[in-house]
Number of protein chains: 2
Amino acid sequence: MSKSSTPRRRRGSARPTLTQVAEAAGVSSITVSRALNTPERVNPETRRHILATVERLGYVPNLVAGSLASASTRFIAVIVPSLANAVFIEVIQGLQETFEDAGYQILLGNTDYDLDREAQLVRTFLGWSCSALVTAGLRHSSACRSLLQQWDHPIMEMMELGEALDLNVGLDHTAAGRCMTHHLLSRGYRQIVYVGARMAEDYRAGMRYAGHREVLEDAELAAPLLDLARLGSLELGALALDQVLATHPRADAIHFANDDLATGALLHAQRLGIGVPKDIAIAGFNGLPLGQQVTPRLTTIRSPRQRMGQLAAEQLLARLAGEPVTLRQDVGFTLLPGDSS
Amino acid sequence: MSKSSTPRRRRGSARPTLTQVAEAAGVSSITVSRALNTPERVNPETRRHILATVERLGYVPNLVAGSLASASTRFIAVIVPSLANAVFIEVIQGLQETFEDAGYQILLGNTDYDLDREAQLVRTFLGWSCSALVTAGLRHSSACRSLLQQWDHPIMEMMELGEALDLNVGLDHTAAGRCMTHHLLSRGYRQIVYVGARMAEDYRAGMRYAGHREVLEDAELAAPLLDLARLGSLELGALALDQVLATHPRADAIHFANDDLATGALLHAQRLGIGVPKDIAIAGFNGLPLGQQVTPRLTTIRSPRQRMGQLAAEQLLARLAGEPVTLRQDVGFTLLPGDSS
DNA sequence: AAAAAGGATGTTAGCGCTAACATGACAGCG
DNA sequence: CGCTGTCATGTTAGCGCTAACATCCTTTTT
């Protein structure tokens with residue numbers, strides 16, 4: 001009949017809690033909390049004693065509990081469309097370095113170029129009360145967009161420039177496309193095929209194509225397009241070269257959507273004994289180290305990827321610190337004329 | 001004099017809570033919780049009504065609170081030494097795919113080959129009550145080791161095989177080193193230089209060197225070593241070739257610690273007009289696509305990286321589901337004899 | 001010497017959710 | 001017709017921590 005003999009216990013983990021540390025140290029729990037989080041607000045002697053007790057008990061703070069109480073997780077959500085692309089890896093590296101030094105933890109999400117998946121990831125990340133969110137690109141599903149609009153934390157949209165929700169760091173892909181095609185025209189090429197991969201999803205490649213086409217139309221030239229159904233890679237670049245040779249025998253240049261494809265084609269041309277740029281010129285985009293090591297050196301456009309990640313992180317940290325920030329930042333690009341064009 | 005007129009409010013965020021959804025739907029909060037987490041335990045009609053209310057209010061569950069209450073986060077901590085190396089990226093991809101499908105979120109940590117940083121990351125990740133932890137390698141600082149030993153969740157140590165704390169998926173790097181050097185000997189090379197990068201930290205490259213040296217010592221040959229001070233890359237491989245040619249003019253083969261270095265050297269040889277393998281043979285390790293696209297095709301050893309990540313994730317999921325698992329799993333490796341040796 | 005200011009520590013009340021137990025309604029059954 | 005079982009829902013009590021306010025004591029100021 002006893003009601004309260006066993007007062008309903010939860011399965012507490014074996015790990016010591018703040019309160020236990022406080023008891024062992026003979027202080028109140030808030031003092032332990034302060035000793036760990038704002039040490040300057042605790043008497044040095046008390047602090048030493050508390051830290052020794054923490055050490056002795058092997059106390060590891062429960063960050064979940066702390067986050068709930070303080071309504072803040074030092075998480076930064078980072079959403080990218082792919083991990084298979086070196087570009088995003090370098091951006092992540094730039095973000096990670098800067099954020100880790102500032103004591104933030106990155107939550108990585110991969111959409112695989114699917115906007116619904118992005119919305120799903122955003123939901124999850126909002127649920128974790130992230131301090132800020134970084135995402136690649138300005139295009140989102142409407143569900144995703146409305147979630148983000150209601151959110152009251154900094155948002156950074158990266159890679160491209162335009163109408164952003166909040167902060168924006170990137171470059172002008174249409175201009176990059178124009179730039180490369182101007183270059184190819186100046187070298188005398190006239191039959192230029194543009195080759196992309198999954199361009200409906202990798203729409204930034206599509207923007208570069210738009211710039212490319214614009215320039216060719218101004219010159220009253222055709223702008224044939226080959227859009228491959230798989231994700232860009234070296235192997236796919238080789239395949240693309242075969243396909244272009246078969247379908248556009250008179251092509252004198254190929255403008256690839258990225259360096260992976262371009263380098264794949266270049267190496268394949270080497271295997272086939274096709275002269276680059278004598279028989280056909282090849283150009284890429286990104287400025288990956290690989291393209292600069294092959295012979296002939298790849299003509300490409302360098303995008304400051306790691307810098308973009310760093311800058312994004314710095315802007316967000318400034319915003320989180322309440323400092324004023326530039327909303328839109330153009331990181332630009334550089335034409336790297338190689339020997340493949 | 002009124003004490004309770006303003007009963008001490010916390011800054012609640014504007015977002016609706018479970019309780020508010022429950023009130024709006026006219027049920028208790030636990031019913032809303034169940035409708036979202038274990039829908040089959042709620043009457044279909046009630047559930048529909050609750051989900052509509054959730055939608056209407058734009059409710060996003062606070063996962064931090066849920067995790068505190070349930071003492072579980074569905075986080076998987078993943079610790080790698082570097083993001084600059086394609087190998088770890090592929091492993092992460094393998095992990096991510098499998099875990100994301102199972103509803104887990106990856107917490108990524110980068111040690112930059114620093115064991116103290118690893119220990120620090122482990123502390124943080126334990127603080128987040130991760131469901132499991134994955135780390136690259138079997139070597140840890142003693143602080144890290146003791147933290148992990150006390151931890152009562154699954155731990156996966158990847159990449160190499162040996163005395164593990166818990167689960168272990170990887171391959172035998174010493175054997176891989178032996179395998180490649182056997183191959184080079186069988187092709188007739190006798191003056192083989194081994195080239196690694198930061199081998200004190202990338203000690204798995206050191207293990208491959210150990211296997212390499214073992215084989216050469218059995219054949220009563222010298223095993224000269226060049227250990228570069230920077231992280232492996234294509235550029236560094238080119239530099240390494242120069243250095244080997246200068247310091248070991250009689251070398252007839254170079255056994256590189258990885259494909260990046262090897263391919264960099266191979267492409268550089270091409271620029272210098274040095275014949276591969278006529279003047280000098282080149283071998284790598286990893287089996288990256290790049291090495292298979294260059295001419296001559298790179299002789300290398302393929303490690304099943306993505307598979308390793310997948311397998312690690314599968315083993316951990318099985319363990320988390322309480323199923324029995326194999327503690328140590330050898331994923332093996334395959335010699336890919338190319339035309340560079 | 002009283003008032004004001006500041007430093008160190010404590011008390012209290014949650015943060016938003018879920019585990020564990022409790023309740024009530026109804027079906028099946030000998 | 002009471003017993004047991006099952007389903008749907010509710011009540012209660014935290015999870016482990018920190019924000020906000022309170023207290024006490026020491027210094028500084030005038």
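These numbers come from the heavy atoms of this one structure, side chains and all, not from hydrogens, waters or symmetry mates. A, B, ... follow the sequence lines: proteins, then strands. Residue 1 opens every chain.
Listed by chain and number, the residues in a side-chain hydrogen bond (donor to acceptor under 3.5 Å, both in side chains) with A:R305 are A:E90, A:S303 (sequence neighbours excluded). By the side-chain hydrogen bond (donor to acceptor under 3.5 Å, both in side chains) test, B:Y59 pairs with no residue at all, sequence neighbours left out. Judged as a salt bridge (charged side-chain N to carboxylate O under 4.0 Å, His left out), and not counting sequence neighbours, A:R34 has no contacts. Under the side-chain hydrogen bond (donor to acceptor under 3.5 Å, both in side chains) criterion, B:R328 pairs with no residue, sequence neighbours left out. For B:E160, the salt bridge (charged side-chain N to carboxylate O under 4.0 Å, His left out) partners two or more places apart in sequence, or in a different chain, are B:R204.
Each of A:E40 and B:S67 was assigned the nucleotide of DNA chain C with the nearest heavy atom; the assignment lying further toward the 5' end belongs to A:E40.
Dashed line: the shortest gap from a side-chain N or O of B:Y59 to OP1 or OP2 of C:dC17 is under 4.0 Å. Regarding contacts with the backbone of D:dT18, a side-chain N or O of A:N37 is found under 4.0 angstrom from either OP1 or OP2. For the pair B:T46 and D:dT9, the criterion of a side-chain N or O lying under 4.0 Å from OP1 or OP2 is met.
Contact annotation: the side chain of A:L133 never approaches that of A:H153 to less than 4.5 Å [non-hydrogen atoms, C-beta and beyond].
Distance, A:L68 CG to D:dC15 C1': 9 Å, rounded to whole Å.
Residues from residues 23-32 of chain A that place a heavy atom under 4.0 Å from any atom of DNA chain C, listed by number: A:V27, A:S28, A:I30, A:T31.
Among the nucleotides D:dA19, C:dT18, D:dC17, the one closest to the side chain of B:L18 is C:dT18.
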Would you tabulate the side-chain donor-acceptor contacts of residues 100-110 of chain B under 3.5 Å, counting partners in other chains and residues two or more places apart, or write 'none'?
from, atom 1, to, atom 2, distance (Å)
B:E100, OE1, A:R117, NE, 3.4
B:E100, OE1, A:R117, NH2, 2.9
B:E100, OE2, B:Q96, NE2, 2.8
B:Q105, NE2, A:L108, O, 3.0
B:N110, OD1, B:D112, N, 2.9

Side-chain donor-acceptor pairs under 3.5 Å in residues 24-31 of chain B, sequence neighbours left out?
from, atom 1, to, atom 2, distance (Å)
B:S28, OG, B:T31, OG1, 3.2

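Terminal axes of the helix from C:dA1-D:dT30 to C:dG30-D:dC1 (five pairs each, C1' rotation axis) are separated by 30°, to the nearest 10°.
For C:dG10, its base sits under 3.5 Å from the side chain of A:R34 at one donor and acceptor pair at least.
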